[in-house]
Amino acid sequence: MKILVINCGSSSLKYQLIDMEGEKVLAKGLCERIGIAGSKMKHQVPEQEDYIVETDMPDHSVAVKLVFDALTGEHGVVKSVDEITAIGHRVLHGGNKFTESIVVNEEVKKVIRECFDLGPLHNPANLMGIEACEKVVPGKKNVAVFDTTFGMTLPEKAYFYAIPKEYYDKYAIRRYGFHGTSHAYVSQETIRFGGLDPEKAKVIVCHLGNGASISASIGGKAVDTSMGLTPLEGLIMGTRSGDVDGAVIQFIANHENKTVDEVLNILNKKSGVLGMTGISSDFRDIEIAAENGDHMAEVALDAFRYRVAKYIGAYVAAMNGVDAIAFTAGVGENDKVTRRLVTEQYLSYLGAKIDPERNDVRGKQRLISTDDSKVKIFLIPTNEELAIARDTKRLTE
Ligand code: ADP
C-alpha cells in the first residue's frame with residue numbers, strides 16, 4: 001500500500017509518498033510560494049537528481065496537481081494515481097471534537113473550519129490541502145491526522161486552565177498540546193526500542209526544535225504536555241517565549257501603545273532565544289555566539305535548558321516516576337551538549353546518567369545513558385510523516 005502524506009502551510013505544501021511495505025519513502029518534495037510570485041516545486045526521489053519545476057501556483061489545487069503529475073510522470077515513482085491508496089493530511093487543530101485521526105467527510109471539514117480561530121495560521125491551509133486533493137483526485141480517501149489528538153487523553157486536572165469555567169463552555173479554551181504526532185510516535189518508539197512495558201511505561205519526550213514541547217505519557221497515552229491552547233505555552237523556543245506571566249502582555253501593550261494582537265505576535269515571533277539575544281532563532285547561531293563570549297547567548301541557552309529540566313521535573317512528579325526520557329527534533333537529535341547538560345546539571349537526583357560516548361551521536365535511535373543509569377535516556381529521531389502514514393493506513397484498511 002502506498003500512502004501520500006501532505007502537510008500544507010499557507011503558502012507551502014510538503015509531501016512524501018511512502019510505501020507501507022517496508023515503510024520506505026519513494027519520493028518527497030516541497031511546493032513553495034503558492035499564491036505568491038516565483039512559485040517553485042522541488043521533487044526528490046532517492047538516488048536521483050532533484051526535479052525542479054518553476055511555474056505559477058496560484059492556489060493549492062494547482063500545487064496538488066503538480067505533485068500528482070510529478071509522482072506519476074517522467075520523474076515519477078508510480079504508473080498512475082490508482083497506485084496511491086489514500087492521502088494523510090497533517091491538521092493542526094481538531095479542537096476538543098476529535099480524539100483520533102479520522103477519514104475526512106463534510107462533517108470533519110466543518111469541524112476543521114470551526115477550529116480556524118484556534119489555529120488561525122494552520123487550519124485554513126490544512127483544509128485547503130484537503131479540498132485541493134478532493135478536487136484533483138476525486139474519490140481518493142483523505143485522512144486528517146491532528147496535532148492535538150495526543151493531548152486528548154490529558155486528565156481534567158492537566159487540561160483545565162484556572163480561569164472562569166464559562167470560557168471553556170463557550171469557546172473550548174483548555175490546554176490541547178501540539179507536536180502530538182511527534183510525541184505519539186516518539187513515545188511509542190521509545191517503548192518499542194527500549195523494550196519497555198507497552199501498558200505501563202512512564203516516558204517523557206523532549207521535542208526540542210525551533211518549536212519545542214515536552215510530554216509525559218504512560219503506555220503511550222499523554223498525561224501532560226507543555227503546549228496549551230496554542231503552541232505558545234511551555235518551553236523557551238526559537239522565537240516563542242513559552243510560559244510568561246499574562247500581566248507582561250498588559251504591561252507591554254500599555255507602555256508600548258500596542259494591541260493585544262501585536263503583543264501576541266511579539267511573544268510568538270520575536271521572543272524565545274531570538275528575542276533574548278537579538279541574534280537568531282537558530283540554536284546553532286546562539287551556540288556560536290555563546291562560545292564567542294556573548295553573555296545573553298549564554299543566558300538564553302542556560303534558560304532554555306533550565307526550562308526543559310523544570311518540565312522534566314514536573315512530569316516526573318505528574319507520573320510519580322519515570323522510566324525513560326527521549327530527546328528528539330532538531331536540537332534534541334543534534335545537540336549533545338544540551339542533552340548532557342540537562343541530565344548532568346538537573347537530573348542526577350533521579351540517578352540519571354549520560355554516557356558521553358553513547359551521547360556522541362546525531363539523528364540515530366540510540367540509548368545514550370549509562371548501564372547503571374536509573375532512568376533510561378534515548379535519542380529517538382522523530383518522523384511525523386511516517387506517523388501520519390501509519391494512521392492513514394490503519395484507517396484505510
Ligand atoms: P522545526 O521543525 O520546529 O522548525 P526542527 O526540529 O527542524 O524545527 O529544529 C530546528 C532547530 O534545530 C534549529 O533551531 C537548529 O538550530 C537546531 N539544530 C540543528 N542542528 C543543531 C545542532 N547541531 N546543534 C544545535 N541545534 C541544532
Side-chain angles (χ1 to χ4, degrees), residues 5-16 28 30 32 90-92 119 121-122 125-126 145 147-148 150 177-186 189 205-215 225-227 230-242 268-292 294 297-298 300-305 307-308 326-343 354 356 359-366 368 379-388:
V5 175
I6 285 191
N7 182 356
C8 266
S10 53
S11 67
S12 70
L13 185 161
K14 278 193 238 162
Y15 63 94
Q16 271 191 19
K28 63 178 183 178
L30 168 68
E32 286 174 293
R90 179 182 179 216
V91 181
L92 183 82
L121 296 179
H122 296 83
N126 302 151
V145 179
D147 241 25
T148 45
F150 183 68
F178 297 84
H179 295 140
T181 322
S182 174
H183 285 287
Y185 174 84
V186 174
E189 274 300 293
V205 172
C206 308
H207 177 113
L208 311 179
N210 216 337
S213 62
I214 297 200
S215 68
T225 184
S226 61
M227 284 175 166
T230 76
L232 181 58
E233 193 176 337
L235 300 179
I236 296 173
M237 313 184 206
T239 65
R240 295 191 193 111
S241 62
N268 270 302
K269 301 210 172 126
K270 298 187 177 153
S271 299
V273 294
L274 169 69
M276 288 179 83
T277 61
I279 294 170
S280 169
S281 61
D282 192 307
F283 283 84
R284 284 165 292 199
D285 298 337
I286 308 294
E287 277 171 14
I288 292 166
E291 277 159 25
N292 292 333
D294 185 285
E298 287 170 13
L301 288 173
D302 262 359
F304 169 75
R305 293 165 186 153
R307 183 87 55 95
V308 170
F327 287 93
T328 196
V331 180
E333 290 171 32
N334 291 298
D335 185 6
K336 62 181 179 189
V337 180
T338 288
R339 295 191 300 255
R340 181 173 66 76
L341 289 180
V342 166
T343 311
I354 278 268
N359 186 41
D360 193 6
V361 62
R362 281 176 175 218
K364 271 202 206 111
Q365 277 196 353
R366 187 186 271 187
I368 55 172
L379 192 170
I380 305 282
T382 191
N383 191 340
E384 290 171 278
E385 289 78 12
L386 181 57
I388 293 171

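Remember, it's 1-based here, ligands and their atoms both numbered in the order they're listed.
Y185 pairs by the ring-ring contact (aromatic ring centres under 6.0 Å, His included) definition with nothing, not counting sequence neighbours. Among residues two or more places apart in sequence or in another chain, the salt bridge (Lys or Arg N to Asp or Glu O under 4.0 Å) test is passed with E233 by R175.
Screening residues 268-278 for salt bridge (Lys or Arg N to Asp or Glu O under 4.0 Å) gives no qualifying pairs among residues at least two apart or on separate chains.
Inspection of the H207 and S213 side chains reveals no N or O donor paired with an N or O acceptor under 3.5 Å.
Taking the six-membered ring where the residue is Trp, the centroids of F150 and F178 are separated by 6.0 Å or more.
No donor-acceptor pair closer than 3.5 Å links the side chain of R90 to the backbone N or O of I6.
For ligand 1, the protein residues within 4.0 angstrom (heavy atoms only) are G209, N210, G211, S281, D282, F283, R284, E287, A329, G330, V331, N334, D335, R362.
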